[in-house]
2 protein chains.
Amino acid sequence: MNENIESKLKSKNIKPTAMRLLVLKVLSEQKSTISLPELEKKFEKADKATLYRTLKTFEENKLIHSIDDGSGSVKYALCQDDCKCYPEDLHVHFFCVKCKKTYCLNDIPVPVIDLPMNFSLESVNMVVKGVCPICRL
Amino acid sequence: MNENIESKLKSKNIKPTAMRLLVLKVLSEQKSTISLPELEKKFEKADKATLYRTLKTFEENKLIHSIDDGSGSVKYALCQDDCKCYPEDLHVHFFCVKCKKTYCLNDIPVPVIDLPMNFSLESVNMVVKGVCPICRL
DNA sequence: TTTGTTCGTGCAACCAAGTTGCAAACTTAT
DNA sequence: ATAAGTTTGCAACTTGGTTGCACGAACAAA
Ligand SMILES: [Mn+2]
Ligand SMILES: [Mn+2]
Ligand SMILES: [Zn+2]
Ligand SMILES: [Zn+2]
């Protein structure tokens, strides 16, 4: 299990330090996405800057992706195993206006859209807002 | 012309104060979207809080809509005349990674997507990132 | 093994955007 | 004229994000 985490880091060319193993473990346990401030609270005593840089490293190496859900803080989630973060790899995200959680809708790819002349496409951020199944009960 | 601006406010049930007329005028002149900090700079001496509340009022009354383009500051733009800000009224936005401007692609409606069971839909924020025609020259 | 270099971490300081409380100014209704 | 409600200006504050710097661990060359 912990082996799994370590090898995941190595497979993305990230040196598996103690800190990084801990952060990746927390990320793996999430059912929804997590923000830097939320991540901070998951640890007794951890430095914001270190966590910040850890997330950046993870993102640069495509271990995680970030989502701007309009809540004021950027959220993060593990990438799918085969994800290269190309536009065609991207999926839709769902932000619940009640519980404020953001979910990866991994099965729903971001629709391809036809841009006007001379616009080039690099990436897409698509966030659907509404109420999640849990909050609708 | 100035009449036009005043009537636009009235038509949205917003009392046309001096400040609001000025802000709406600036908004009307924009070719791309504008953020609160940018709006602030358009005035010699204007108060952040007042502008902030003005934008909020405008948004609540559906005179403008806001876009979270992931740049760190929320952008604003005038709504189309007939816009009710319902999901079917929404359009895609384009964020240029070079000039950092965000454009309303008013002709490109946000694609309808099929949400998983028990997710309700209230709104969508779709931002395409790339390079704009001006920056590609 | 010793030395020098790179890399990761912790701490503090900082910045920018957004937000709020409060009192003064202004508007509208009585 | 007076009272009540609305808008504005100012200052203070919160939060998320970011950076500089120094220390220590890891690593590689000598
Ligand atoms: Mn995701
Ligand atoms: Mn728009
Ligand atoms: Zn929810
Ligand atoms: Zn551009």
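We name chains A, B, ... by the order of the sequence lines, and we start the count at 1 in each one.
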Same apolar cluster: A/I108 and A/F95, side chain cutoff 4.5 Å: no

What is the distance, rounded to the nearest whole Å, between atom NZ of A/K45 and atom P of C/dA12? 11 Å

For the backbone of A/K15 and the side chain of A/R20, can you confirm whether one donor and one acceptor N or O come within less than 3.5 Å of each other? yes

Length of the line joining A/K75:NZ and D/dT15:P, which is rounded to integer Å: 16 Å

In residues 50-62 of chain A, which ones come under 4.0 Å of DNA chain C, going by heavy atoms? A/T50, A/R53

Take B/G72 and B/A49, find for each the nucleotide of DNA chain C with the closest heavy atom, and name the residue whose nucleotide sits nearer the 5' end. B/G72

So, is A/T17 near the phosphate of C/dT9, with a side-chain N or O under 4.0 Å from OP1 or OP2? yes

Rounded to the nearest Å, what distance is computed from the NZ atom of residue B/K48 to the P atom of nucleotide C/dT20? 13 Å

The answer to which of B/Y76 and A/A46 contacts DNA chain C further toward the 5' end, by nearest nucleotide, is A/A46

Can you tell me the distance, in whole Å, between the CG atom of B/D47 and the C1' atom of D/dA11? 9 Å

Nearest non-hydrogen partners of B/T33 and B/C104, listed with the distance: CG2-SG, 4.0 Å

What about A/F58 and A/M19, same hydrophobic cluster or not, with Ile/Leu/Val/Met/Phe/Trp/Tyr joined at side-chain heavy-atom distances under 4.5 Å? yes

Before you tell me yes or no, could you show the steps for A/E29 and A/K25 under salt bridge (Lys or Arg N to Asp or Glu O under 4.0 Å), namely the whole-Å CA-CA distance, both residues' side-chain angles and the distance that decides it to 0.1 Å? CA-CA 6 Å; A/E29 288 162 353; A/K25 186 154 181 296; 3.1 Å; yes

Starting at atom CD of B/E40, determine the distance to atom P of C/dT19, rounded to an integer number of angstrom. 14 Å

Length of the CZ-P vector between B/R20 and C/dT27, whole Å: 12 Å

What is the separation between atom CG on B/L36 and atom C1' on C/dA17, rounded to the nearest whole Å? 8 Å

NZ-NZ distance between B/K101 and B/K31, expressed to the nearest 0.5 angstrom: 9.5 Å

Connected via hydrophobic side-chain network under 4.5 Å: A/L105 and A/V97: no

Nearest whole Å is fine: how far is C/dA25 P from B/M19 CE? 18 Å

Among C/dC11, C/dA17, C/dG8, the one nearest any side-chain atom of B/P37 is C/dA17

